[in-house]
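The sequence lines fix the lettering, A, B, ..., with proteins before strands; numbering per chain opens at 1.
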There are 2 protein chains.
Amino acid sequence: MRSTVTDVGARRQATLGDVAAQASVSRATVSLVLRQSPLVAVSTRERVEEAIAAVGYVYNRGAARLRTGLSGTIGVIVPEITNPFYADLTAGIDETLDAAGRLAFLANSNESPQRQERFVRRVKEQGADGVILCAAVGTSPALIAQLRTWRLPCVQILRAVKGAEGDFVGPDFRAGIATVIRHFVARGHTRIALLPSSKQTSAAQDRVDAFASSMVEHGLAPGLVRACDAAPEAIAAEVGRLLEGSDPPTAFACHNDLMALDAAKEITRRGLKLGSAVSVIGFDDIPEASRAVPRLSSVATFPNTIGRRAANLLLRRIGSPSSTYERFLIEPQLIVRQT
Amino acid sequence: MRSTVTDVGARRQATLGDVAAQASVSRATVSLVLRQSPLVAVSTRERVEEAIAAVGYVYNRGAARLRTGLSGTIGVIVPEITNPFYADLTAGIDETLDAAGRLAFLANSNESPQRQERFVRRVKEQGADGVILCAAVGTSPALIAQLRTWRLPCVQILRAVKGAEGDFVGPDFRAGIATVIRHFVARGHTRIALLPSSKQTSAAQDRVDAFASSMVEHGLAPGLVRACDAAPEAIAAEVGRLLEGSDPPTAFACHNDLMALDAAKEITRRGLKLGSAVSVIGFDDIPEASRAVPRLSSVATFPNTIGRRAANLLLRRIGSPSSTYERFLIEPQLIVRQT
DNA sequence: AGCTTGTTTTGGATCGATCTAATCTGTTGG
DNA sequence: CCAACAGATTAGATCGATCCAAAACAAGCT
C-alpha cells in the first residue's frame, strides 16, 4: 500500500509480489496475467500490466521452471563451430527457437567426447527442455541412452550415433553421392575416386556405401576410396598418389568443399585442366565454392534448413515425448559449376 | 528408510532429499558435500557420494539459483553468426566458459536491434550472470543503460555503442589501419583508398578516423573514402568507379577480407596486376585469405583471443561488479602476402 | 430472499536447492 | 565433574514462481 513507484532505488529486483502489491491483487492473479490466462477480467489485467511497467518487473523463468519443470531453453552441441557449415546450421536453429520464444545453450565439443559429455551434463543441470546434438567422433551410444533415462528429448543431426536410435535430421548423403556419380558418368568418367573424411562418422560411412552401390549400378569397376584427413597437405598428397598411380581417376568426389578446394588446387598445380581433363565435386556448397576459380561444383546440403527442421522436430518432441522417432533426410542438390 | 536403490523405475528425478535419505543424513549435509564444503567429515562425504551415484542424482542448478542468485550461465549476442569471424570468436568464448564450468546462451541478432532486445530480455529472464554483446547496428545506448539498471554485467566487443561506456574488448582497428597505410607508403603508394563498411559502427568509424590521421601523418593528400555495402556487386561497382576516376588509387584498404577478396577479383578482372600495379589489404585474416590466388594480404585481428579476453573480463566483472570499467584493445598484425 | 450457475480472485502448499542459527558430539583443561 | 570449545550435522525458513481447491462475487431465476 505504502510502497509506490518511487522505490526505484531499491537494490532488489521486483518480483511477482511487488507487482501484486502495486496493483492490489494477489500474486496468483499476477501470475495468471503473465501467462495470458483468459480467466482474469480485462480491467484487472490492465491494472496489473500497468503495475508491471511501473515497478519494472522482469519475469523470473528460473523460478517458474522450479514449479513447471519447463525452462524454455534448449542445448545445442556441435563438434566444430568454426566450420561455416555449422555456423549456418546454428543460425537456422537460432531462428526457429527465437520464433518459439526459447533460448539456446550453444556448446562446441571440438570433437572431444569428454567435453561433449561435460556439456550434456551441464545442459541437464540447467534444466534444458531438450538437446540438439551433432555427436563428436567416438561418441558412445551410452550417452544417448543416458539422455533417454533422463527423459531429455534429443534430436541428432548430421551424424547418427551407431547403436543408438532416435530422432534424426540430416542431409541424404547417399542420394547426394548417387547424384554426383550419375553426373560423372553422364560426362563420360569411368575412373572415379571418392575422398571421404577419415573421421569415423555415419556421414562418411554413408558416402562410402552409396559410392560402392552407385558404381555397381552404373556397371563400373569399384572406384578408388581414400579416406583422407582434412589438412590441405594430406589432401594434396593423396590426390598426388592417385594421379601418379596406374590408370589414374578422372573424377573426384570429395567429402566436403574445403577438401574439394584443396584437391582442385593440387590438380591445377600439376598442370591438369579442371572441368575438362579432371572433375572435382565437393559437398555443402559453402560461399567459397562459388567464389573460387574455377568455380567449384558442389552438392548443396542446406545447413540452415537442417537447423530449422531439427529445432522444429525437437519442439514437437518436447510437446509429445512418447510418439515414435522421426527421421528427416534433406534432399541435397547438385550445383554444377566449372569443375 | 524403506526406499532403496531399486526404485529406479520411478519417473521422478532424484533430488537432494532422495540422496539424503539414501545416505541417512540431512539435506543440508548433502548440499554441503555438493559444494565441496570442508565442513563435512570425510566419512560422511564418502557415504553421500556413494548415495549420489546410487540414486543417479543430477544437480538442479535452477533451484540453486533461486536461492543464490547465480545461474552459471552467460548470454552471448552476436550480429552475424555465419560470419567466420564471429564463429572463431564464439569458439574462444566457449572455451573460456567451459574451463570456468559455465554455459553460454548464444543468440544471433542478425543486425536487428529488435531481435537483440528480445534476446537481452530473455537472457535476463533466464537469470544469466552476465552478457557479452556485439551490438547490432543501430543499437540504442538505452539498451546498455537497461542492463546497468538490471545490474547485469556486460562486456561489449568489437563495436562500442555510442553514448554508452562500459567494459570493452576489441581489435585496435586504428592501429591496424595505421600499419596498413605505413606499409602502403613504404611500398611507394601515394593514392590510397579506404573502403569501410557502410554499416554505422564504431569499428567502421575507427577505421575512417585512423585513415585520415595516418594520411596526414605521412604528408599525403586525404585519401579516398568510400563506404561500401558488403555485397560483391556493390564492391565491384565501387572499385570500378574508383579505377575509372581521374588519378585512380593504387592501393585499397578494405573493411574486411570478404570485401577485399571481392575487390581483388574486380581489379584482376580489369586486367590490373595485383601486388605490383595495385595493392589490396583486408582485415581479419580469414582462412580464405591465405587460400585465395593471389594470396591476400590481411590484418589479423585474432577473434579467438578476443573471445577469450572478453569472457575472462566478464567473469572477473561478475566477481567484482563495482570496479572500474576495463578496455582491452587487441593489437592486430599485418600479414603480408601477395596482394 | 434463497438458490443456481458462472466468472474472478485468492490463500497456502509446493518445486529443489541454500542459508542461518541452533544443536549435537566429543575432547580438553581446570 | 563440568565448562568451554571446536567440529560436524541439522531443522526450518527462504528464494520466486505455479498449482490447487476453495472463496468471493455477480447475475439470473424461482
J.: What distance separates B/Glu165 CD from B/Thr324 OG1, expressed to the nearest 0.5 Å?
T.: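 Taking CD in B/Glu165 and OG1 in B/Thr324, the distance rounds to 10.5 Å.
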
J.: Can you tell me how far apart CD1 (A/Ile318) and CG (A/Leu70) are? Round to the nearest 0.5 Å.
T.: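 Going from the CD1 atom of A/Ile318 to the CG atom of A/Leu70 covers 8.0 Å.
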
J.: Could you tell me the separation between the CD atom of B/Glu125 and the C1' atom of D/dA17, rounded to a whole number of Å?
T.: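 Whole-Å distance recorded here is 12 Å.
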
J.: Enter the distance from B/Glu111:CD to B/Thr139:OG1 here, rounded to the nearest 0.5 Å.
T.: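 Rounded to the nearest 0.5 Å, the CD-OG1 separation comes to 8.0 Å.
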
J.: Go through C/dT10, C/dA17, C/dG12 for me and flag the one nearest to the A/Val25 side chain.
T.: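 Shortest atom-to-atom distance from the side chain points to C/dT10.
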
J.: Which sits closer to the 5' end of DNA chain D, B/Arg45 or B/Ala63, going by the nucleotide each is nearest to?
T.: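 Mapping each residue to its closest nucleotide by heavy atoms, the 5'-most match is B/Arg45.
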
J.: As a test of reading the structure: which of C/dT10, D/dA11, C/dC19 is closest to the side chain of B/Thr68, going by heavy atoms?
T.: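 That would be C/dC19.
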
J.: May I ask you to list the residues of residues 33-41 of chain B, by number, that have any heavy atom positioned under 4.0 Å from an atom of DNA chain D?
T.: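 Listed by number, they are B/Leu39, B/Val40, B/Ala41.
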
J.: I need the CZ-P distance between A/Arg61 and D/dA17, as an integer number of Å.
T.: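 In whole Å, D/dA17 P lies 11 Å from A/Arg61 CZ.
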
J.: Is any side-chain nitrogen or oxygen of A/Thr44 closer than 4.0 Å to OP1 or OP2 of C/dT8?
T.: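 No, A/Thr44 has no side-chain N/O under 4.0 Å of OP1/OP2 on C/dT8.
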
J.: Please state how far atom CG in B/Leu16 lies from atom C1' in D/dA11, giving the value in whole angstrom units.
T.: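 After rounding, the reported distance stands at 15 Å.
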
J.: Within this structure, what is the CZ-to-C1' distance between B/Arg27 and D/dA13, rounded to whole angstrom?
T.: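 B/Arg27 atom CZ is separated from D/dA13 atom C1' by 10 Å.
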
J.: If I compare all heavy atoms of A/Ile157 with all of A/Phe168, which pair ends up nearest, and what's the gap?
T.: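 Heavy-atom minimum between the residues: C-CE1, 4.0 Å.
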
J.: Determine the contact category for A/Ala28: base if any of its heavy atoms lies under 4.0 Å from a base atom, sugar-phosphate if only primed atoms, P, OP1 or OP2 are that close, otherwise nothing.
T.: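 Base: the residue A/Ala28, judged by heavy atoms under 4.0 Å, touches a nucleobase.
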
J.: In whole angstrom, give the distance that lies between atom CG of B/Asn60 and atom P of D/dC15.
T.: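 For the pair B/Asn60 CG and D/dC15 P, the rounded distance is 18 Å.
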
J.: I want to check something: taking the side chain as every heavy atom from C-beta on, are B/Lys124 and B/Val120 in contact at a cut-off of under 4.5 Å?
T.: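 Result no, sub-4.5 Å side-chain heavy-atom pair not found.
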
J.: A/Asn60 and side-chain hydrogen bond (donor to acceptor under 3.5 Å, both in side chains): which single residue from B/Glu125, B/Gln126, B/Arg65 fits?
T.: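 Checked B/Glu125, B/Gln126, B/Arg65 against A/Asn60; only one passes side-chain hydrogen bond (donor to acceptor under 3.5 Å, both in side chains): B/Arg65.
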
J.: On DNA chain C, check which nucleotide each of A/Val42 and B/Tyr57 is closest to and give me the residue with the more 5' one.
T.: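 Checking each residue's closest nucleotide, the 5'-ward one belongs to A/Val42.
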
J.: Nearest-Å distance, CZ (A/Arg65) to C1' (D/dC19)?
T.: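 One finds 18 Å between C1' of D/dC19 and CZ of A/Arg65, rounded.
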
J.: For A/Thr29 and C/dT10, is the shortest distance between a side-chain N/O and OP1 or OP2 below 4.0 Å?
T.: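 It does, given that an N or O in the side chain of A/Thr29 lies less than 4.0 Å from OP1 or OP2 of C/dT10.
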
J.: Counting only side-chain heavy atoms from C-beta out, which of D/dC19, C/dG16, D/dA17 sits nearest to B/Thr15?
T.: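 Output: C/dG16.
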
J.: Given atom CG of B/Leu66 and atom C1' of D/dA13, what is their separation to the nearest angstrom?
T.: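 Roughly 13 Å, once rounded to whole Å.
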
J.: Would a distance-only check, ignoring hydrogens and angles, find a side-chain to backbone donor-acceptor pair under 3.5 Å from B/Arg47 to B/Ala23?
T.: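 Present.
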
J.: How many Å lie between CG on B/Leu70 and C1' on D/dC15, as a whole number?
T.: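 Spelled out: CG on B/Leu70 to C1' on D/dC15 is 13 Å.
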
J.: Which one, C/dA17, D/dA17, D/dG16, comes nearest to the side chain of B/Arg67?
T.: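 Per side-chain heavy atoms of B/Arg67, the pick is C/dA17.
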
J.: Working to the nearest 0.5 angstrom, can you tell me the gap between A/Gln156 CD and A/Leu313 CG?
T.: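 A/Gln156 CD to A/Leu313 CG: 11.5 Å, rounded to 0.5 Å.
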
J.: For residues 85-102 of chain A, please give each side-chain donor-acceptor pair under 3.5 Å, one per line with the distance, not counting sequence neighbours.
T.:
unit_1   : atom_1 : unit_2   : atom_2 : d
A/Thr90  : OG1    : A/Tyr86  : O      : 2.6
A/Asp94  : OD1    : B/Asn108 : N      : 3.4
A/Asp94  : OD2    : B/Arg115 : NH2    : 2.8
A/Glu95  : OE2    : A/Arg308 : NH1    : 3.2
A/Glu95  : OE2    : A/Arg308 : NH2    : 3.1
A/Thr96  : OG1    : A/Gly92  : O      : 3.1
A/Asp98  : OD1    : B/Arg118 : NE     : 3.2
A/Asp98  : OD1    : B/Arg118 : NH2    : 3.4
A/Asp98  : OD1    : B/Arg122 : NH1    : 2.9
A/Asp98  : OD2    : B/Arg115 : NE     : 3.2
A/Asp98  : OD2    : B/Arg118 : NH2    : 2.5
A/Arg102 : NH1    : A/Asp129 : OD2    : 3.1

J.: Between B/Arg159 and B/Glu80, is the closest basic N to carboxylate O distance under 4.0 Å?
T.: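 Salt bridge flag = no for B/Arg159 with B/Glu80.
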
J.: Could you list the protein-to-nucleotides 23-28 of chain C atom pairs, N/O on both sides, closer than 3.5 Å?
T.:
none

